[in-house]
Number of protein chains: 2
Amino acid sequence: MTNKDKKQEILTMARGMVQARGYNALSFRDLAAAVGIKSASVHYYFPTKGDLAATLAHEYTDEFLAYLNGLVEEGVPWDQCIHAFAGVFRKTLLRENRMCLGGILAAERPDLDLEVQAEVERFTELLVQWLCGVLAKGKPKMKPKELRRQALAIFAAIEGAQLMARGSGDVAVFDDALEAYSDIGLLPPN
Amino acid sequence: MTNKDKKQEILTMARGMVQARGYNALSFRDLAAAVGIKSASVHYYFPTKGDLAATLAHEYTDEFLAYLNGLVEEGVPWDQCIHAFAGVFRKTLLRENRMCLGGILAAERPDLDLEVQAEVERFTELLVQWLCGVLAKGKPKMKPKELRRQALAIFAAIEGAQLMARGSGDVAVFDDALEAYSDIGLLPPN
DNA sequence: ACCTGAACACCGTTCAAGT
DNA sequence: ACCTGAACACCGTTCAAGT
């Protein structure tokens, strides 16, 4: 196994742990045990917990965005793109009641190093931009500023639905909220 | 200073700390120092961190609800009640970028004792019920099930707007999202 | 290049001991 | 009744030492 493989293995394991229990709850000793090394060795790959989290968040953003851009390139209609976006959050909940990495890190913001805070902002910014682009197809007459506000609103509403579903440990809460969003026109109809 | 005073002082201080930095980041030693005792003494009032958090969450719910019910009793119109509800979340952000206690505990759910998880669910349930009651005045023809879904959606959307505003450290994000919610009719117009 | 044990100051918790 | 210091097993981090 190469260096890169091991590093990636640590990242993958850590991502799941943070999404499941949060940044503060992530233990280097648990993480090390999960990949079969000692906690001191994790520092060989990532000098600090902040470095690990920043890398984690950066990759998460890139992969999330690659998936979303893939949908657009495949020619998926704009309204189905929005639903696919929401679907990612739903799928995350189904796996051990996990949260969006950007969401849980946002909640823990004051405990994060500046570099990690910056990655959270990058995540939000890039996904809002993607939503803007997709939304623009459905609402061609809308002004850029209003478009951006609506993209943000859709994003926030979905994050909030996920947060409340996690808090109650019940995916139905997420589904109910999203159905109401569709009824009212915040999300396109099914 | 009586026992009750000291206990309340601990609770008040702990509440602010959890809203600012989260449950996992709350340190008994920091908390003890803030109220002028040693960390071991905090355990005299609250045997475990879970006991403290559960009491915290219970009081938070009660106080939040008392404020909201006060609005209704004063005869504040239903749409202004909803805006006042949202206003609490905005005000929380303005104080050191704090979060709703129910929201941040929801994010940290897997790290919470069962009694604390139950308090988070109580918080959500009681506030949703209050929103249902207020919303019913504005939409008298709406069926109970749909009413509840919409109350949940409003709650989730506001929590999400707060989460994203916290993540970016910018209240304008909260304001933008809420403006979009109003535009689309999820929240009543201003 | 990659890993380790031991040490450091932290954490929640317990408990015997103080007043 | 209320508080304490000391101990326990944890935490992230550092570092000299191993291969």
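Here is how names work: the chains are called A, B, and so on, in the same order as the sequence lines, proteins then strands, and each is numbered from 1.
Under the 4.0 Å criterion applied to side-chain N and carboxylate O atoms, B/Glu63 and B/Arg15 are assigned as salt-bridge partners. A salt bridge is defined here as a Lys NZ or Arg NE, NH1 or NH2 lying under 4.0 Å from an Asp or Glu carboxylate O, and A/Asp175 with A/Arg90 meets this definition. Electrostatic pairing of B/Arg149 and A/Asp183 counts as a salt bridge here, judged by a charged N lying under 4.0 Å from a carboxylate O. Comment: B/Glu179 does not engage A/Lys145 in a salt bridge, judged by the lack of any side-chain N to carboxylate O separation of less than 4.0 angstrom.
We find that CD of B/Gln8 is positioned 18 Å from C1' of D/dC2, with the value rounded to whole Å. Whole-Å rounding puts the B/Tyr23 OH to C/dC11 C1' distance at 12 Å. A/Asn24 places its CG atom 13 Å from the C1' atom of C/dC10, with the value rounded to the nearest Å. One can place CG of A/Leu112 at 15 Å from P of D/dG12, the figure rounded to the nearest angstrom. Straight-line distance from the CE atom of A/Met17 to the P atom of D/dC11: 11 Å, rounded to whole Å. Rounding to whole angstrom units, CG of residue A/Asp5 and P of C/dC2 are separated by 11 Å. B/Arg21 places its CZ atom 10 Å from the P atom of C/dC11, with the value rounded to the nearest Å. Straight-line distance from the CG atom of A/Leu31 to the C1' atom of D/dC10: 16 Å, rounded to whole Å.
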DNA chain D in dot-bracket form (Watson-Crick or G-U pairs under 3.5 Å, [ ] crossing, | inter-strand) is ||.|||||...|||||.||
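Checking D/dC3, D/dA1, C/dT4 against every side-chain atom of A/Ser41, the shortest atom distance belongs to C/dT4.
For C/dC3, the OP1/OP2 oxygens have no side-chain nitrogen or oxygen of A/Tyr44 closer than 4.0 Å. Residue A/Tyr45 has a polar side-chain atom (N or O) positioned under 4.0 Å from OP1 or OP2 of C/dC3.
For the pair B/Lys7 and B/Phe46, the cation-pi criterion (under 6.0 Å, within 45° of the ring axis) is fulfilled.
Among the atoms of the strands shown, only primed sugar atoms or phosphate atoms (P, OP1, OP2) are found under 4.0 Å from some heavy atom of A/Leu26.
The salt bridge (Lys or Arg N to Asp or Glu O under 4.0 Å) contacts involving residues 101-119 of chain A comprise A/Arg109-A/Glu121, A/Asp111-B/Arg21, A/Glu119-A/Arg122, where partners must be two or more places apart or lie in separate chains.
No path of Ile, Leu, Val, Met, Phe, Trp and Tyr side chains, each step under 4.5 Å between heavy atoms, connects A/Tyr23 with A/Leu114, placing them in separate hydrophobic clusters.
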List every contact pair, protein side and nucleotides 13-16 of chain D side both N or O, where the distance is under 3.5 Å.
unit_1: D/dT13; atom_1: OP2; unit_2: A/Lys49; atom_2: N; d: 2.8

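Ring pair A/Phe155/A/Phe85 is perpendicular by interplanar angle, where above 60° counts as perpendicular and below 30° as parallel.
A centroid separation of less than 6.0 Å is found between the aromatic rings of B/Tyr60 and B/Phe123.
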